[in-house]
Amino acid sequence: MNEYDPESIEKKWQYRWEGSELHRAKIDENKESFYIIFAYPGISGYLHLGHMRCYTYTDFMARYKRMRGYNVLFPAGAHPTGNQVISLAKRVRENDPRIIAYLKANGATDDDISQLDNPEGVIEYFTQTYMNEWKNFGLSIDFDHFTDTSREDYSRFIQWQFKKLKDKGLLTQKPYYAPVCKNCGPVAVDPSETDLSKGGNAEVQEYTLLKFRFGQRYITAATLRPETVYGQTNLWVDPQEDFAVVDVSGEEWIMSDAAAKKLGCQMEEVEVVDHIKGKEMIGDKATAPMIHRDIPVLPANFTDPYVGSGIVTSVPSDAPYDRIALKELKSDGERLKKYGLEELVEDVEPIEIIESKDWGTNPAEKIIHEMGIESQDEVEKLEEATQKIYRAGFHAGTMLNICGDYAGMPVQEAKDMVRKEMIEKGEADMFYDLSEEVICRCGGEVVMGKIPDQWFIRYSDEELTEKSKEHARTMNIRPDTYANTLPDTLEWFQDRSCARLGNWIGTRFPMDDRWIIEAIADSTLYPAYYVVAKYFNSGKLNASEMTEAFFDFVYLGKGEVDDVSSSTGIDRRTLQEIRRDFMYWYPLDINLGGKEHMTVHFPVFLMNHVAILDRENWPRGIMVNWYLTMTGGKISKSKGGADPIPDVAERFGIDTLRLYYAHSASPFVDKEWNENEAMNYKKRLGVVWRTVTKMKDTGGGGSPVDEYLRSRFNRLLARSQNFMDDYSIRKAANVVFYDVPAEIDWYFKRGGENGALLDEIGENWVKLMAPFTPHMADELGEQFGTEYVTARLLPRVDEYAISEIVESREEYLKGVMNDVKNILDIAKVKGEAIFIYVTSEWKRTVIERVLAEPDKGMGLMSALVDELGVTPKKISGFLRYVLDELKTNREGLEKARELNELKILEGDKKFLEGEFGAKVEIYSASEDAYDPAGKKDKAMPGKPAIYIE
RNA sequence: GCGAGGGUAGCCAAGCAUGGCCAAAGGCGCAGGACUUAAGAUCCUGUCACGUAGGUGUCCGAGGGUUCAAAUCCCUUCCCUCGCACCA
């Protein structure tokens, strides 16, 4: 027969599947439905092998369930919501050489590229590309249900969803602070974010802006540690700097110009009315918040106008910077004199406020001493010291007695309470900033801005949270670790902003069309929409007909069909058909997605279902897959680093890649892509191919090993199905592609050649392969005379074929062969003749008696001595051994008891002689036989004695 | 920081829930052989150490403990990876 040629096979079958109805889901009330999706991809570039891992797992399950008799719906879609598509189009329009090279490397033609200079073109091109790649991977997707989130019909659905959320009181508006670009509006600050040109690693800092009364004005100082206000001793101001005087709702606040600008984005009515030089403030006093003490303003040069307010409140007990600056100042006579501070500085000493186990009550002093810090210019060391003290203080610190109402309280608790009290009393305010400079792709600066009327979905709602948690516990969630953590995640899940102002792709907010619904929020309930999308795609529905009444009827069963029909213009039959479709396919059985979704998509996916749909339609399962990585990091669409899929597919073959996904690692660990390993899977498929070929070409008669193969195959068949039912994809693939062929090899080795049996098992084996390597399976199936093995049912386990005794016979034989090999290895004998002595019958009798009365122990001795006619010494020795074995290996004893060893070995004498190229003689230890080394007595049931010469 | 997961032989990777046929599956790599050749082949054998008889010793990040018995259970400790919200 022919050689394994993946390329031609895969093309052939993909073409045939495409022309068939095999993957189209049709309602069949006689079949149980199984509805599975993968989390659809956002459109930001080409798919890579990491995505395909997730999609392929979905296909394994879809194909497996189909072959187990379920009616499977497996749709797909794409998610262009957001600004990735817009920015990609913009870069193409600007002829960005990097993006052009990326597109070309992935096979885009000049024609394609010319189409990509506008968002619509990008969406069109990539949705087509994705669909092609899915088809090329042999995914059994029903494309009749395809949708993407930029389409008008999808928007109709999302608007309905948000109306429902509004009706349930789950939408709310409140102020929100977020990174914004002046030109582009809100932006995400994230290392993988393509819309930033700088500062992706920045973190949002939540400062408390302390207000120090300073005459008619206030000096402001921003701190991350509001609880340390009890230890304030002075303020630090850079005498070289100029500061702005800002009018904030009638009060005058002093801060750096940069801070004033930032504050302007976070508060209304902020206006710079004056300026003041830093040195003008030096030596004066200001009244500190909370402690209401007058503290001096002292000169320092470590302050930074771009951090906080540019002015620092000094807590020398807990802040290494402050401690060292104070020391330096005190010993700098010249400077003290210059500003006339000699007396003022005398009383400024650290005030102990917090105690922690590791750092005592004066941590700053301790750490600068330990780290040998001598100057405020040693920035790196000081940053490290600050971090250390901050962590220790926050987690292990306790407020000391001096801290008023908060004395004795852990720092963790005191922190928020102190801040709250000061804000309520008007002595402080919130101030948000980014930890480093962030620049938008457009070149504009990104700052923290206040959005006063941000829309949120109220995921904090108690009833919703409780219902979702309760339901999550009943769901089928893989892996188990996620099943355990999901309820907790739901618990801490807070309100989440769900819309944004400005221009990007998405659905207009139905209550206020200045807003566009955000990307996480418009992709929670979409499995419900796939069902409807089919009717839109086929032209049976148009978007304008998708009214609130329509969706209410389809998803909630609300309203009379006649009313809905007349209000929407959709005919009754279509309405009823869609409703029936929805009720047939829903609920969703599995939502499969990458681990990045664990704290993002999956919780909101679940909560929106619970919030909006009836209980019977809440999702049943979630499966999370881990990443495929490339040396070091996760593969990223935005950063490239992954080979274009068509190239890889051509080199390895699709079935190879599919087997690689299935078998090289469990779905629940990260896996590093390894070409060498992938190559080995290609070889493995070659081996499988040849084995099947050999099975088909062998046509002999029956033999005793037939029973064994039948037993083993059925056992493995059952095992593989148990694994698949348990989502243990890797284990199932291991059985199918390694364990089964190993048994078939053994069968051939033992001289098996039963043509009918091999045909039967061969075809059944091919069916087992089908979910994993469908192209190869259909090709091999066809050679057995079955068209579309992938569309058949998996074979049923024949329980009667499974036989312990038949299998243990072969195990026994393997054991004996292993012992012989062992001896041949170590004992340097020629191995021309092998003598095997099977145990004496009396030993078997001892085992019988022990198994019959296991509690009697050595008490069995006297009866045995009478009965067996063997010397008591031999009996007691063996009995002791058996009693010992009984504790650890009862099963082994039971098996040994049942074997007719002599018969097995006699039957396979020729085989053994062939294997070892030696003469084999078999005796019972009870008979008188050639035994020059006195081995006979060593024979045990299940383990014969062996002598070789 | 918060939360989760993990460290098993040269590498990848099972096993751990339910302690005992666990020197620890399987794959890769490596070595030797067979075959016969240009194929990224295939097949067999070996691959912790020692051992001229199927055995013994040591071993599952490190250190303790429980137990007749620990890769598996408990405690301590070191190291690694990942997710953390307006990014999909």
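In what follows, chains are A, B, ... by sequence order, proteins preceding strands, each numbered from 1.
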**Q** Roughly, in whole Å, what's the span from CE in A:Met817 to C1' in B:G54?
**A** 15 Å
**Q** Mind checking side-chain contact (heavy atoms from CB on, under 4.5 Å) for A:Met940 and listing every partner two or more places apart, or none if nothing turns up?
**A** A:Phe878, A:Tyr881, A:Lys943
**Q** If you pin A:Phe652 and A:Cys498 to their nearest nucleotides in RNA chain B, which one's is more 5'?
**A** A:Phe652
**Q** Looking at the side chain of A:Tyr738, which of B:G54, B:G27, B:G40 is the nearest nucleotide?
**A** B:G27
**Q** Output the single nucleotide from B:A4, B:A85, B:C84 whose closest atom is nearest the side chain of A:Thr599.
**A** B:C84
**Q** Closest to the A:Asn680 side chain: B:A88, B:C28, B:G5?
**A** B:C28
**Q** So A:Trp455, base contact, sugar-phosphate only, or nothing? Heavy-atom distance under 4.0 Å.
**A** nothing
**Q** In whole angstrom, give me the gap between the C1' atoms of B:C16 and B:G6.
**A** 13 Å
**Q** Hey, does A:Ile948 reach any base, or is it just sugar-phosphate, or nothing, if we go heavy atoms under 4.0 Å?
**A** base
**Q** How far, in whole Å, is B:U8 from B:A71 if one measures between their P atoms?
**A** 15 Å
**Q** Using atom P of each nucleotide, how far apart are B:G46 and B:G65 to the nearest Å?
**A** 39 Å
**Q** Under the 3.5 angstrom rule, does the side chain of A:His663 hit a backbone N or O of A:Arg658 as a donor-acceptor pair?
**A** no
**Q** Calculate the interatomic distance between A:Asp488 atom CG and B:G3 atom C1'; express it in whole Å.
**A** 9 Å
**Q** Within the structure shown, what part of the strands sits under 4.0 Å from A:Tyr947 by heavy-atom distance: base, sugar-phosphate, or nothing?
**A** base
**Q** What is the separation between atom CD1 on A:Ile836 and atom C1' on B:A53, rounded to the nearest whole Å?
**A** 14 Å
**Q** Would you indicate which nucleotide in B:A53, B:G55, B:A88 comes nearest to any side-chain atom of A:Lys943?
**A** B:G55
**Q** Can you check the A:Glu3 CD to B:U42 P distance for me, whole Å?
**A** 11 Å
**Q** Give the C-alpha distance, both sets of side-chain angles, the deciding distance and a yes or no for side chain to side chain donor-acceptor pair (under 3.5 Å) between A:Tyr55 and A:Asn625.
**A** CA-CA 10 Å; A:Tyr55 309 149; A:Asn625 71 279; over 6 Å; no
**Q** Would you call A:Asp488-A:Lys469 a salt bridge at under 4.0 Å N-O?
**A** no
**Q** Considering only atom C1', compute the distance from B:A85 to B:A17 and round it to an integer number of Å.
**A** 33 Å
**Q** Is A:Asp819 side chain donor-acceptor paired with the B:G54 base, going by distance under 3.5 Å alone?
**A** yes
**Q** Should the pair A:Arg651-A:Glu7 be classified as a salt bridge under the 4.0 Å nitrogen-to-oxygen rule?
**A** no
**Q** Mind calculating the distance between CE (A:Met598) and C1' (B:G5) to the nearest angstrom?
**A** 9 Å
**Q** Categorize A:Pro80 for me: base, sugar-phosphate, or nothing, with a 4.0 angstrom heavy-atom threshold over every strand shown.
**A** nothing
**Q** Closer than 3.5 angstrom, by distance alone: can the side chain of A:Arg53 be matched with the main-chain N or O of A:Tyr627 as a donor-acceptor pair?
**A** yes
**Q** Any base atoms under 4.0 Å from A:Ala945, or only sugar-phosphate, or nothing? Heavy atoms, all strands.
**A** base
**Q** By the 4.0 Å heavy-atom rule, please label A:His79 as base, sugar-phosphate, or nothing.
**A** sugar-phosphate
**Q** Check whether any side-chain heavy atom of A:Thr489 sits under 4.5 Å from a side-chain heavy atom of A:Trp492, and report yes or no.
**A** yes
**Q** Could you give the distance separating B:C30 and B:C12 at their C1' atoms, to the nearest angstrom?
**A** 15 Å
**Q** Looking only at atom P, what distance separates B:A13 and B:C82, rounded to whole Å?
**A** 15 Å
**Q** In whole Å, measure the gap between the P atoms of B:C68 and B:A14 for me.
**A** 34 Å
**Q** Please tell me which of the listed nucleotides, B:A85, B:A88, B:G26, lies nearest to the side chain of A:Val600?
**A** B:A88
**Q** How does protein reach along nucleotides 13-19 of chain B, written 5' to 3' as B (base within reach of a heavy atom under 4.0 Å), S (only sugar-phosphate), or - (no contact)?
**A** SSS----
**Q** Taking the side chain as C-beta and beyond, is there a heavy-atom pair between A:Thr465 and A:Glu491 under 4.5 Å?
**A** yes
**Q** Where the side chain of A:Lys683 is concerned, which of B:G54, B:U42, B:A53 is the nearest nucleotide?
**A** B:U42
**Q** Of A:Tyr681 and A:Tyr40, whose nearest nucleotide on RNA chain B comes first from the 5' end?
**A** A:Tyr681
**Q** Of the nucleotides B:U42, B:U45, B:A53, which has the atom closest to the A:Arg690 side chain?
**A** B:U42
**Q** Is there a side-chain contact between A:Phe605 and A:Ile622 in this structure, where contact means two heavy atoms from C-beta onward sitting under 4.5 Å apart?
**A** yes
**Q** Looking only at atom C1', what distance separates B:U47 and B:A23, rounded to whole Å?
**A** 13 Å
**Q** Mind calculating the distance between OH (A:Tyr837) and C1' (B:A53) to the nearest angstrom?
**A** 13 Å
**Q** When A:Tyr930 is tested against each of A:Lys936, A:Glu921, A:Glu949 for side chain to side chain donor-acceptor pair (under 3.5 Å), which residue passes?
**A** A:Glu949
**Q** In whole angstroms, how far is the C1' atom of B:A53 from the CD1 atom of A:Ile834?
**A** 13 Å
**Q** Tell me the interatomic distance from A:Lys935, atom NZ, to B:U52, atom C1', rounded to whole angstroms.
**A** 12 Å
